[in-house]
Amino acid sequence: MFTIKLLLFIVPLVISSRIDQDNSSFDSVSPEPKSRFAMLDDVKILANGLLQLGHGLKDFVHKTKGQINDIFQKLNIFDQSFYDLSLQTSEIKEEEKELRRTTYKLQVKNEEVKNMSLELNSKLESLLEEKILLQQKVKYLEEQLTNLIQNQPETPEHPEVTSLKSFVEKQDNSIKDLLQTVEEQYKQLNQQHSQIKEIENQLRMTNIQEPTEISLSSKPRAPRTTPFLQLNEIRNVKHDGIPADCTTIYNRGEHISGMYAIRPSNSQVFHVYCDVVSGSPWTLIQHRIDGSQNFNETWENYKYGFGRLDGEFWLGLEKIYSIVKQSNYVLRIELEDWKDNKHYIEYSFYLGNHETNYTLHVVKITGNVPNAIPENKDLVFSTWDHKAKGHFSCPESYSDENLLTIMEVFILVQPGGWWWHDECGENNLNGKYNKPRTKSKPERRRGLSWKSQNGRLYSIKSTKMLIHPTDSESFE
């Protein structure tokens with residue numbers, strides 16, 4: 001730029017000097033020509049200026065060419081990066097399609113297994129009806145047989161009775177096989193349910209990535225890399241200083257009922273539902289409201305918990321034990337019957353670990369409903385697939401009659417896990433959820449019920465079991 005400016009400054013001077021020379025030649029009196037050396041000097045100056053301008057332009061061209069080459073290299077690198085990212089996007093989309101296809105197949109299989117279970121249940125019900133009819137016939141024939149034996153002791157057994165007994169035994173064996181098949185189907189359903197949950201979680205993580213805007217060029221473009229959204233609806237989730245229970249959360253200023261993360265001493269982090277009742281925080285360990293959750297679960301599920309914290313659920317015996325072993329706790333049970341009457345009762349209690357089958361000891365403190373849980377006794381937790389040795393097993397033993405058939409045992413395992421003593425009462429808050437006007441009294445006893453020691457039976461619509469430390473400052 002400096003050379004150009006210098007040239008523009010010199011050229012006018014040279015031109016002006018030539019004009020002055022021409023003018024002076026006309027005006028001068030003497031015709032003597034001037035020396036040509038002055039003109040040569042001007043030409044040299046002009047030539048030097050042009051030479052400098054050419055060198056400057058040459059340097060500028062070299063610099064510009066280098067810059068253009070650098071820009072082309074960067075553009076090539078940028079295009080290669082875009083191409084690689086577009087390939088990765090295509091692979092992610094293919095994986096997502098494969099996951100969706102797998103999810104659909106699992107859902108179809110799940111529906112098939114459900115249909116098979118329904119068919120088995122209907123067959124079992126029909127077999128039960130046939131069995132009841134056969135039992136009535138057998139009872140009638142046994143009465144006749146007893147009369148015949150008393151009157152004619154030497155008369156041989158009636159062949160029809162023998163055939164009926166053998167038929168009943170065959171029916172019992174077939175029912176045993178059906179029960180085993182149902183249990184296997186139930187295990188398969190649980191496994192498929194867990195697989196579907198895992199695949200749904202993977203799909204949620206895949207759908208979080210946002211695709212890039214479609215490029216105007218034909219070459220595929222890469223997606224914009226946006227950070228994963230932390231879609232966290234659980235309050236108070238921290239990596240450090242996680243509270244030990246709901247009371248600690250409440251004392252920190254969280255006075256709203258909801259789901260929170262806690263970590264009791266010597267335990268893993270897990271989520272609970274903190275329920276604020278009359279200005280006091282309680283940890284909800286069981287909730288029944290509408291029968292949407294099946295409580296006829298295995299010992300393993302009762303140990304580690306099942307259901308949804310925002311609906312019906314059982315927190316889990318191991319989690320409950322990890323909370324209550326930190327201090328002395330109060331157990332509160334809230335009941336609502338089908339007339340919308342609300343009741344509650346509170347106990348001081350002690351809960352053992354898994355080696356004691358989570359033995360429970362309770363002593364009533366207060367409440368507006370009569371006590372129905374035996375006090376100062378070893379109440380052992382039991383499920384249909386786990387019975388404590390040396391203790392009375394109510395899911396199998398509870399019946400109106402002394403003699404149980406295989407089919408009756410299948411029905412009686414429906415109540416779910418609960419704490420029992422050496423005798424079975426009619427209290428089971430984890431029983432089958434029965435609507436009003438249920439078929440029979442035995443069926444009502446197997447549902448949600450609360451029978452006080454004075455004999456009054458409460459049919460329950462909703463239940464809550466909550467725990468709270470006696471010392472609210474225990475973990476501060």
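What's counted below: heavy atoms across the whole structure, side chains too, no hydrogens, waters or symmetry copies. Keep in mind that what you see is a predicted model, and the values were worked out from it rather than measured.
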Name each donor-acceptor pair under 3.5 Å that joins a side chain in residues 359-369 to protein atoms two or more places apart or in another chain, with its distance.
residue	atom	partner	partner atom	Å
Thr359	OG1	Thr356	O	2.6
His361	NE2	Asp378	OD1	3.0
Asn368	OD1	Tyr344	N	2.7

**Message:** Angle between ring planes, Phe381 versus Tyr302, binned at 30° and 60°: parallel, tilted or perpendicular?
**Reply:** tilted
**Asked** Which word best sums up how the rings of Trp299 and Tyr358 line up, parallel for under 30°, tilted for 30 to 60°, or perpendicular for over 60°?
**Response** tilted
**Message:** Could you check whether Tyr140 and Gln136, counting side-chain N and O atoms only, form a donor-acceptor pair closer than 3.5 Å?
**Reply:** no
**Message:** Given 3.5 Å as the limit, does a donor-acceptor pair link the side chain of His468 with the main chain of Pro281, or not?
**Reply:** yes
**Message:** Treating Ser267 as the side-chain partner and Pro264 as the backbone partner, does any N or O pair qualify as donor plus acceptor under 3.5 Å?
**Reply:** no
**Item:** Verdict with reasoning, Asp337 to Lys339, per salt bridge (Lys or Arg N to Asp or Glu O under 4.0 Å)
**Value:** CA-CA 5 Å; Asp337 59 26; Lys339 295 181 180 179; over 6 Å; no
**All side-chain contact (heavy atoms from CB on, under 4.5 Å) counterparts of Gln88, not counting sequence neighbours** = Leu85
**Message:** Tell me whether Trp282 contacts the main-chain N or O of Cys246 through its side chain, where contact means a donor paired with an acceptor under 3.5 Å.
**Reply:** no
**Item:** Glu346: side-chain hydrogen bond (donor to acceptor under 3.5 Å, both in side chains) partners, not counting sequence neighbours
**Value:** Arg332
**Item:** Geometric class of the Trp338/Tyr433 ring pair [parallel <30°, tilted 30-60°, perpendicular >60°]
**Value:** perpendicular
**Request:** Could you tell me whether a side-chain N or O of Asn301 sits under 3.5 Å from a main-chain N or O of Glu297, the two making a donor and an acceptor?
**Result:** no
